[in-house]
There are 2 protein chains.
Amino acid sequence: MFTYLQVGTFASSKPNFTMNTAQNTKDRIIELGRDYMQRIGYHSFNYKQIALELNIKNASIHHYFPSKEDLGLAVIEKDRQDFIYLTQKVKKAKAMDKLEALIASYEYYYKEGKKLCVISTFSTSYNEITERMQLAASQYAELVTAWLAATLKEGLESGEFSFKEPVEELANVWMAMMPGALLVGRTGGKAAFDKTISSLRQTVKSS
Amino acid sequence: MFTYLQVGTFASSKPNFTMNTAQNTKDRIIELGRDYMQRIGYHSFNYKQIALELNIKNASIHHYFPSKEDLGLAVIEKDRQDFIYLTQKVKKAKAMDKLEALIASYEYYYKEGKKLCVISTFSTSYNEITERMQLAASQYAELVTAWLAATLKEGLESGEFSFKEPVEELANVWMAMMPGALLVGRTGGKAAFDKTISSLRQTVKSS
DNA sequence: CAATATCTACCTACATACAGGTAGGTATCA
DNA sequence: TGATACCTACCTGTATGTAGGTAGATATTG
């Protein structure tokens, strides 16, 4: 005769551009799931780690997410929502500040245990996830690419940026280099990560 | 009363810049292991797949590689040797042709089932592999970075290239963008991959 | 040269661990 | 009372890895 407590305070020190909606168990599972997936990948992540951390049983996770795929999809969707939230927040900022907001989240990923971003997490597992997850990941990637292209265009037209490539091409470069920087940072350490991010910033400035 | 045959002809159509030394079972295990790892990652890859393909039993793989780590290390070492072989082969070529030789292998990876390169394969699994493997992957990455830097410097001094960044920085960009292109290509398809590679080529030409 | 020992390359069978997932029960609360 | 949020207990599949054996090749020795 005892009550099932909502345990764990989940005191995270996330940058304020990510929504913090983890009050209930379901949201906490998503947050923790995302965290583990970014660290060790979708397949290596398992329910036990989350169950232990939330002081609940393995089976209870299945109550919220019948299959692992459901959790994977929820993680992608949550991250997509967070991205949209971020873009809304910087909507009226200068183009470079928008890009800096995105860079900041990548720097946060690196600091917090050399995590990958969610898109690259699922990209690395792309050949072994279900079609629905592939689609979700691809659509999310497309969304970010489109936002990058729009932001680059905006900065170019306002005279803030001075690059010569087509915006779509440079958007692709950013899409490749940001996760690439995280990968390089894993083998090459912080210096390699920083150098890559620094070069990334230059891409909008070189005339 | 029968003999254990060396089965499977292993007819691979690899580009000629990779060494083809897979005559015996041990080498075939390494080749197949590398292939699977690049496709689905180190952890998702398992012995059964190789055993089936080589018509041997699971336990026989342990005869050559007592632990999975041994095989992982062998794969990294094999790929490093192949890289060295490649650099030797293009030793007297122009700087751009050297870079093109590297790009060609990445295009080959993409075509052959959206594979990742070996370095990024182990980078993605970096937080869940042994220290020895982390070290091997890091050292291999350092070797490639150094070669890139040397090649970029060479092309710059000969007037073939005309970039402004420090060579080490641009080498880092290449280290990030090549695997990044493969990741982007998984979610965004061939067009995204090609665009990224095309932008990569531009990095040495833009003045 | 023949008997013998040892090595290589596999085998069968099993141990162990752990993953995702299910069935059905119990406590709490609106 | 019915939905919600958990639980215990269990099933199934699969992964790495081990123990011990066997056929055939090769080296050793009387």
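Only heavy atoms go into these numbers, but all of them, side chains included; no hydrogens, no water, no symmetry mates. Note on naming: letters A, B, ... go to the chains in the order of the sequence lines (proteins, then strands), and numbering restarts at 1 for each one. Here the structure is a predicted model, which is why all the values come from computation and not from measurement.
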Take the protein atom [atom1] of [X] and the nucleotide atom [atom2] of [N], then report the distance between them rounded to whole Å.
| X | N | atom1 | atom2 | answer |
| --- | --- | --- | --- | --- |
| B:Tyr47 | D:dG13 | OH | C1' | 20 Å |
| A:Lys57 | D:dT4 | NZ | C1' | 20 Å |
| A:Gln49 | C:dC18 | CD | P | 12 Å |
| B:Ile50 | C:dC10 | CD1 | P | 14 Å |
| A:Glu69 | C:dA19 | CD | P | 20 Å |
| B:Leu54 | C:dC10 | CG | C1' | 13 Å |
| A:His63 | D:dT8 | NE2 | P | 16 Å |
| B:His43 | C:dC18 | NE2 | C1' | 13 Å |

The side chain of A:Ile56 is closest to which nucleotide in this list: C:dA19, D:dC7, C:dG21?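 So the side chain of A:Ile56 is nearest to D:dC7.
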Return the nearest nucleotide to the side chain of A:His62; candidates are D:dA15, C:dG20, D:dC6. C:dG20
Can you measure from OG (B:Ser44) to OH (A:Tyr42) and round to the nearest 0.5 angstrom? 10.5 Å
Around atom CD of A:Glu77, are there more than 12 heavy atoms from other residues, nucleotides or ligands closer than 6.0 Å? yes
Any side-chain N or O of B:Ser60 below 4.0 angstrom from OP1/OP2 of C:dC11? yes
Taking only side-chain N and O atoms of A:Thr25, does any of them lie within less than 4.0 angstrom of OP1 or OP2 on D:dA5?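 A:Thr25 to D:dA5 OP1/OP2: no side-chain N or O under 4.0 Å.
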So what does B:Phe45 touch, heavy atoms closer than 4.0 Å: a base, only the sugar-phosphate, or nothing?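 B:Phe45: backbone/sugar contact only, no base atoms under 4.0 Å.
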Pick one: which of A:Arg34, A:Met37, A:Arg39 meets side chain to side chain contact (heavy atoms under 4.5 Å, CB included) with A:Thr121? A:Met37
For A:Lys68 and A:Phe45: C-alpha separation, side-chain torsions, deciding distance, then whether side chain to side chain contact (heavy atoms under 4.5 Å, CB included) applies. CA-CA 10 Å; A:Lys68 197 177 177 181; A:Phe45 143 81; 3.6 Å; yes
Nearest-nucleotide 5' precedence on DNA chain C, A:Lys48 against B:Ala59: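 The residue closer to the strand's 5' end, by nearest nucleotide, is B:Ala59.
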With A:Tyr36 as reference, evaluate A:Gln49, A:Glu53, A:Glu31 under the side chain to side chain donor-acceptor pair (under 3.5 Å) test and give the passing residue. A:Glu53
